[in-house]
K.L.:
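First, the structure itself, so that you have it in front of you.
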Number of protein chains: 2
Amino acid sequence: MNQSGYITDKLSKLGYRLTPQRMMILSVIENSDNHISAEEIHTQIVAKYPNVNISTVYRTLELLKRLSLVTEINLGGGQVRYHPANKGHHHHLICQECGTIIDLDESALAPLKDTLLREYKFIADLRHLAIFGRCVNCQR
Amino acid sequence: MNQSGYITDKLSKLGYRLTPQRMMILSVIENSDNHISAEEIHTQIVAKYPNVNISTVYRTLELLKRLSLVTEINLGGGQVRYHPANKGHHHHLICQECGTIIDLDESALAPLKDTLLREYKFIADLRHLAIFGRCVNCQR
DNA sequence: ATTCTAGTTGAAACTAATTGCGATTACAAA
DNA sequence: TTTGTAATCGCAATTAGTTTCAACTAGAAT
């Protein structure tokens, strides 16, 4: 369990401790290809290492968010989900009627980001947004 | 306690029951000039009418959301906040460093809304957005 | 190898919000 | 005015996430 990835290296360089719990959590996040919840991370870890507390998972995610190493998103399923920031940014259009999710490239929000910077001198964190509404099939 | 407002009228016309609990909740929402939380609504009501349960407040807010009579927003304070939809739409830029909140007119997101409609035929609900980032004073 | 200590963890308590269910009630129809 | 019933409510349990605090430990310093 020493295959260090991008996030692990970053944490180490920044002087954070690499505890076994953190290594496990980082490994699960880096090896998941879609958005994963805290609960799912915890379940995967507990299977092999029953002594990891869910609050440690939340605390690690909090740390990774603060360091911009993961982005979080609320897709409307009652749980916040996480994604490694270095695996590319994107957004989601979520239909509130049928639940369909349309993926959107980061570039779709670039004009908005530019406008906010120009007019308000505000650097918006628009790396992973969920936009709710109605898809083409659910419009009345 | 029968001064019916805009939301009350709407609910009535749609065939929803006007229970005393609902009337109280609607009155508090319509008379609050800024964003209010479920907890705050409940506290205000309980002062005069101690038998209203907090879950009724949440359920009423859920209904009003579904009917687009209120918009909700997460300003980052650990509670979701609510605003009557008929009192005008707007957005907020929230600085994650100092907490400053810059208010934004609805029109700021009109170009994005148009793009999503044109390119994805998606009707985005962009009536009350919180955009996190860094304000001009907190940029390094 | 041993010691030191700030960073980290587990456990339990707590907060915001949601849900299941039996009891209550607004209001339409008799 | 009374009745019937689906909508609504209160209560208690549940879920997702956060916080507090005492105990533990990674990793630097000796």
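Just so you know, these numbers come straight off a predicted model, no measurement behind them. In what follows, chains are A, B, ... by sequence order, proteins preceding strands, each numbered from 1.
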K.L.:
If I take atom CD1 in residue A:Ile41 and atom P in nucleotide D:dG17, what distance separates them, rounded to the nearest angstrom?
P.N.:
10 Å
K.L.:
Looking at every non-hydrogen atom in both residues, tell me the closest pair between A:Thr8 and A:Met23 and how far apart they are.
P.N.:
CG2-SD, 4.0 Å
K.L.:
For A:His91 and A:His128, I'd like to know if the aromatic rings sit close, meaning centre-to-centre distance below 6.0 Å.
P.N.:
no
K.L.:
Answer yes if the ring centres of B:His83 and B:His89 are under 6.0 angstrom apart, and no otherwise.
P.N.:
no
K.L.:
Name the closest nucleotide to the A:Asn53 side chain, picking from D:dC9, C:dA16, C:dG10.
P.N.:
C:dG10
K.L.:
Rounded to the Å, how far apart are B:Arg66 CZ and D:dA7 P?
P.N.:
12 Å
K.L.:
In terms of side-chain heavy atoms of B:Glu62, which of C:dG10, D:dT18, C:dT18 is nearest?
P.N.:
C:dT18
K.L.:
What's the closest nucleotide to the side chain of B:Thr60 if the choices are D:dC9, C:dA17, D:dG17?
P.N.:
D:dC9
K.L.:
Starting at CD of B:Glu39 and ending at P of C:dT18, how long is that distance when rounded to a whole Å?
P.N.:
13 Å
K.L.:
Is there a side-chain hydrogen bond (donor to acceptor under 3.5 Å, both in side chains) between B:His92 and B:Asp103? Walk through the geometry before answering.
P.N.:
CA-CA 5 Å; B:His92 306 277; B:Asp103 286 357; 2.8 Å; yes
K.L.:
Starting at the 5' end of DNA chain C, which residue's closest nucleotide do you reach first, B:Ser37 or A:Gly15?
P.N.:
A:Gly15
K.L.:
Would you mind reading off the distance between A:Gln79 atom CD and C:dT19 atom P, rounded to a whole angstrom?
P.N.:
13 Å
K.L.:
Mind calculating the distance between CD1 (A:Ile25) and C1' (C:dT9) to the nearest angstrom?
P.N.:
10 Å
K.L.:
Got a salt bridge between A:Glu62 and A:Lys65, using NZ or NE/NH1/NH2 to carboxylate O under 4.0 Å?
P.N.:
yes
K.L.:
Ignoring backbone atoms, test whether B:Tyr58 places a side-chain nitrogen or oxygen under 4.0 Å from the OP1 or OP2 oxygen of C:dT18.
P.N.:
no
K.L.:
Find the distance A:Lys13:NZ to D:dG27:C1' and express it as a whole number of Å.
P.N.:
18 Å
K.L.:
Provide the closest heavy-atom pair for B:Phe122 versus A:Ile94 in the form atom of the first, atom of the second, distance.
P.N.:
CZ-O, 3.4 Å
K.L.:
Answer yes when B:Glu30 and B:Lys87 have at least one side-chain N-carboxylate O distance shorter than 4.0 Å, and no when they do not.
P.N.:
no
K.L.:
Roughly how many Å is it from CZ in A:Arg22 to C1' in C:dT9, rounded to a whole number?
P.N.:
10 Å
K.L.:
Roughly, in whole Å, what's the span from CG in A:Leu11 to C1' in D:dG27?
P.N.:
15 Å
K.L.:
What does nucleotides 20-30 of chain C look like as a protein-contact string, B for base, S for sugar-phosphate only, - for none, at under 4.0 angstrom between heavy atoms?
P.N.:
BB---BBS---
